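No hydrogens, no waters, no symmetry mates; every other heavy atom, side chains included, goes into these values. Source: prediction; values computed, not measured. Each chain gets a letter, A, B and so on, in the order the sequences are listed, and its residues count up from 1.
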There are 2 protein chains.
Amino acid sequence: MPRDATLEDVARHAGVSLATASRVLNGSTRQVGRALRERVERAAAELGYTTNRAAQALARSASDILGLVVHDLSDPYFAVVANAVVRESERHGLSVMVGTTFRDPEAEIGYVATLRAQRVRAIVLAGSRIADETVTERLRAEIDRFQGGGGRAALIGQDLLGVDTVVPDNRAGAYELARALAGLGHTRFAVLTGPSFLLTAVDRVEGFTAGLAAAGLPEPLLIPGPFDRDGGYLAAERLLALRDTTAAGVTCVFAVNDVMAVGALAALRAHGVAVPEQISVAGFDDIPTLRDLTPSLTTVRLPLADMGRRAVELALATTGPAAEPATAEVVLRESTRRVS
Amino acid sequence: MPRDATLEDVARHAGVSLATASRVLNGSTRQVGRALRERVERAAAELGYTTNRAAQALARSASDILGLVVHDLSDPYFAVVANAVVRESERHGLSVMVGTTFRDPEAEIGYVATLRAQRVRAIVLAGSRIADETVTERLRAEIDRFQGGGGRAALIGQDLLGVDTVVPDNRAGAYELARALAGLGHTRFAVLTGPSFLLTAVDRVEGFTAGLAAAGLPEPLLIPGPFDRDGGYLAAERLLALRDTTAAGVTCVFAVNDVMAVGALAALRAHGVAVPEQISVAGFDDIPTLRDLTPSLTTVRLPLADMGRRAVELALATTGPAAEPATAEVVLRESTRRVS
DNA sequence: TGGGCGCCGGAAAGCGTTTTCCTGGCTGAA
DNA sequence: TTCAGCCAGGAAAACGCTTTCCGGCGCCCA
């Protein structure tokens, strides 16, 4: 198999020096005379030359790759974010390298190391931080090394000191949601909290609780569980089991993210509990699949695509702009109803 | 900012030659004595050395990147496939570079060129081919150049002569679906066909029609439209508009993919048409979000994750194994009912 | 004891670009 | 006409690795 044509092949074919060929084909501040320029271009076309990006990256010591780390591409939340990140990166002429961690913090750290080895231009890390000092510290250390080597990084989600971050306004969103639901007349709530070590989940629970308090309502019943759909399903079943005891009188349940809410909906349906007639359900994120659910799900909208876009900008900006939080907006739909 | 430590720094720090350091740190067939090996390892640790993959790729002329091209990461179909591809690639020690084309064939060709420039090890192309000879030809040419340069490629979806492909058995799946629906007593069908230039869509329509014919039923009413959710929504509305004329008597509608079916479901609901009481609906693919819909959607299951995995294997295999089609399996759910 | 052989280390030649100098020819101003 | 200054073009030194040789040493076997 004939190896790809190299720049040297082109130069020889055109009868010019390597330097000239490089200047013509891969851009430079320097000018090249019209005649030579055309000779080079013709030669390149004839040989089917394509720049070897790896070599280029080495010589320029700057790659045009952006690294993206997400938990799970098949989760709609990350799918939307990743899509936006890829799109925005392409707009900037960058290719995207993705890694999935499946919520394993070690994998996350490892992936940052891999991307650092690739000497990618920037890294975007999507996904919640964890309430584990030593793991967080190691991640930060890894990121610091990357940034120390001239790379740039941006996060989506929880803040990590010293790294630019697009933070969704989890507390405020959950706070407003609580007030809105209180406004519908609900007084007794349950919260499917997700795991207590996930800062995003914790923030939302706290914001929600604060919102209830502000409305003069008692603390909600907290039901922990995994952060995914099946976690929501199980938590909802736990809630049902408590109906006659601690959960008596609960008319509304808040799942700290949409996929959990979807799972909860499925559990309720499976157990013959009508939503919203018997119980109201709300989620958080506003993933796109929600609109096609019956009943459609009340949630707090996060500008997911926009967040992805902004993270790329943040990671590419030479100046580190302060990150204003991404505003969250309550969206009331069919899954929550007014009670007397 | 202190630039990253290089292998030469490590070698000097350890008092050995570059060659020895390389052999210790980045693998080699050759042995290195215990004493030196330890010196090198210690030096690397002290300096925080990380291999520069770009340089390594250049020197080895073989990268450890796999390129993935999909239409749209936020479409559940591609999200699942991409997830599997990333996962399997990681298992093989490869990083994945993704590109999204948003169904633009030019973008697809362009992305293959970009990946070729990166000299990625292999390319996986997910997404339907198009019934446009010249575009297809150019894509094939681009892939050929990539393979000519020593790369490997695999497709998911439509076959493209000379490239290894994981083909879902669209015809057979649609054929079986038609027979199953006929078995439920339906006789008059509509098909939301998607665009006529999408080979996947065409295959499914043809398979479905053939299945109906085999059951002794007349040809279905064909309603074209875009291949996405909103296309399904619009096509369903068109169907409703024809209820009293050409679509009279239609009791079952087949959307050639699930996201279209979801859109159709939404349209029917918006127009107060009960599914499955007034009309049955079926889709194709079995994307994961389906199970949480009400009514749950009848569909043809494709082993999406498995297809992604197999595509990676195909792209990595040195021997080009013949591609047996991925088998499609009819899954009857609540959205289709038995009629008298 | 001597001649192969096998191994371990190191020197150096790549891998395909970019970029810094250097050179020689022109231009324009004095 | 001369000289400073500019500019296009080329030679060659990076960029950070891998890998091919080559030399030297110890070992085994005759």
Side-chain angles (χ1 to χ4, degrees), chain A residues 2-41 43-44 47-65 116-121 149-151, chain B residues 2-41 43-44 47-65 116-121 149-151:
Chain A
R3 83 191 193 322
D4 292 311
T6 112
L7 191 59
E8 186 166 359
D9 297 336
V10 175
R12 196 175 321 118
H13 194 72
V16 303
S17 78
L18 210 49
T20 302
S22 170
R23 295 199 260 254
V24 169
L25 295 175
N26 297 318
S28 150
T29 49
R30 298 237 340 222
Q31 289 291 327
V32 171
R34 195 180 146 79
L36 287 198
R37 142 165 271 113
E38 283 173 359
R39 281 235 301 279
V40 171
E41 279 164 352
L47 298 181
Y49 170 74
T50 332
T51 303
N52 181 326
R53 299 256 190 178
Q56 197 169 53
L58 181 58
R60 290 191 176 152
S61 40
S63 81
D64 42 10
I65 303 180
R116 188 161 70 86
Q118 276 295 345
R119 303 296 194 274
V120 300
R121 176 114 109 231
Chain B
R3 81 192 196 318
D4 292 311
T6 113
L7 190 59
E8 186 168 358
D9 298 335
V10 174
R12 196 175 322 118
H13 194 72
V16 303
S17 78
L18 209 51
T20 302
S22 170
R23 295 198 261 254
V24 170
L25 295 174
N26 296 319
S28 151
T29 49
R30 298 241 335 227
Q31 289 290 329
V32 171
R34 195 180 144 81
L36 287 197
R37 143 166 271 112
E38 284 173 359
R39 281 236 300 280
V40 170
E41 280 163 352
L47 299 181
Y49 171 75
T50 331
T51 304
N52 181 326
R53 299 258 189 177
Q56 196 169 55
L58 181 57
R60 290 191 177 150
S61 38
S63 81
D64 41 11
I65 302 179
R116 187 160 71 86
Q118 276 294 347
R119 303 296 193 273
V120 300
R121 177 112 109 231

Please identify each residue that fulfils side chain to side chain contact (heavy atoms under 4.5 Å, CB included) with [X], with sequence neighbours left out.
X	result
B:L18	B:L7, B:E8, B:A11
B:S17	B:A19, B:T20
B:A59	none

Which nucleotides of nucleotides 13-18 of chain C have their base under 4.0 Å from a protein heavy atom (B), which only their sugar-phosphate (S), and which neither (-), written as one string 5' to 3'?
-BBBBB
Once you round to the nearest 0.5 Å, how far does OG of B:S22 lie from CZ of B:R30?
11.0 Å
Can you tell me how far the OG1 atom of A:T50 sits from the CZ atom of B:R116, to the nearest 0.5 Å?
3.0 Å
By side-chain hydrogen bond (donor to acceptor under 3.5 Å, both in side chains), which residues pair with B:T6, not counting sequence neighbours?
none
Within-4.5 Å side-chain heavy-atom neighbours: A:N52 and A:D4
no
Flag the pair B:L58 / B:R119 as yes when at least one side-chain heavy-atom distance between them is below 4.5 Å, and no otherwise.
no
Determine which pairs satisfy salt bridge (charged side-chain N to carboxylate O under 4.0 Å, His left out) with at least one residue from residues 47-57 of chain A, sequence neighbours left out, and list them in order.
A:R53-A:D64
With sequence neighbours excluded, give me every salt bridge (charged side-chain N to carboxylate O under 4.0 Å, His left out) pair touching residues 17-26 of chain A.
none
Report, one line per pair, each donor and acceptor closer than 3.5 Å where one atom sits in a side chain of residues 33-40 of chain B; sequence neighbours left out.
| residue | atom | partner | partner atom | Å |
| --- | --- | --- | --- | --- |
| B:R34 | NH2 | B:E38 | OE2 | 3.4 |
| B:R37 | NH1 | B:V32 | O | 3.3 |
| B:R39 | NE | B:A14 | O | 2.9 |
| B:R39 | NH2 | B:A14 | O | 3.1 |

Could you tell me whether the phosphate oxygens of C:dG10, OP1 or OP2, come under 4.0 Å of any side-chain nitrogen or oxygen in B:T20?
yes
So, with a heavy-atom separation below 4.0 Å from DNA chain C, the residues of residues 29-36 of chain A are A:R30
Inter-axis angle, terminal five-pair segments of the helix from C:dT1-D:dA30 to C:dA30-D:dT1 [nearest 10°]:
40°
In the 5' to 3' direction, the nucleotides of DNA chain D bounding the stretch that comes under 4.0 Å of a heavy atom in chain B are D:dG16 to D:dC21
Under the rule for salt bridge (charged side-chain N to carboxylate O under 4.0 Å, His left out), what residues qualify as partners of B:R121, not counting sequence neighbours?
none
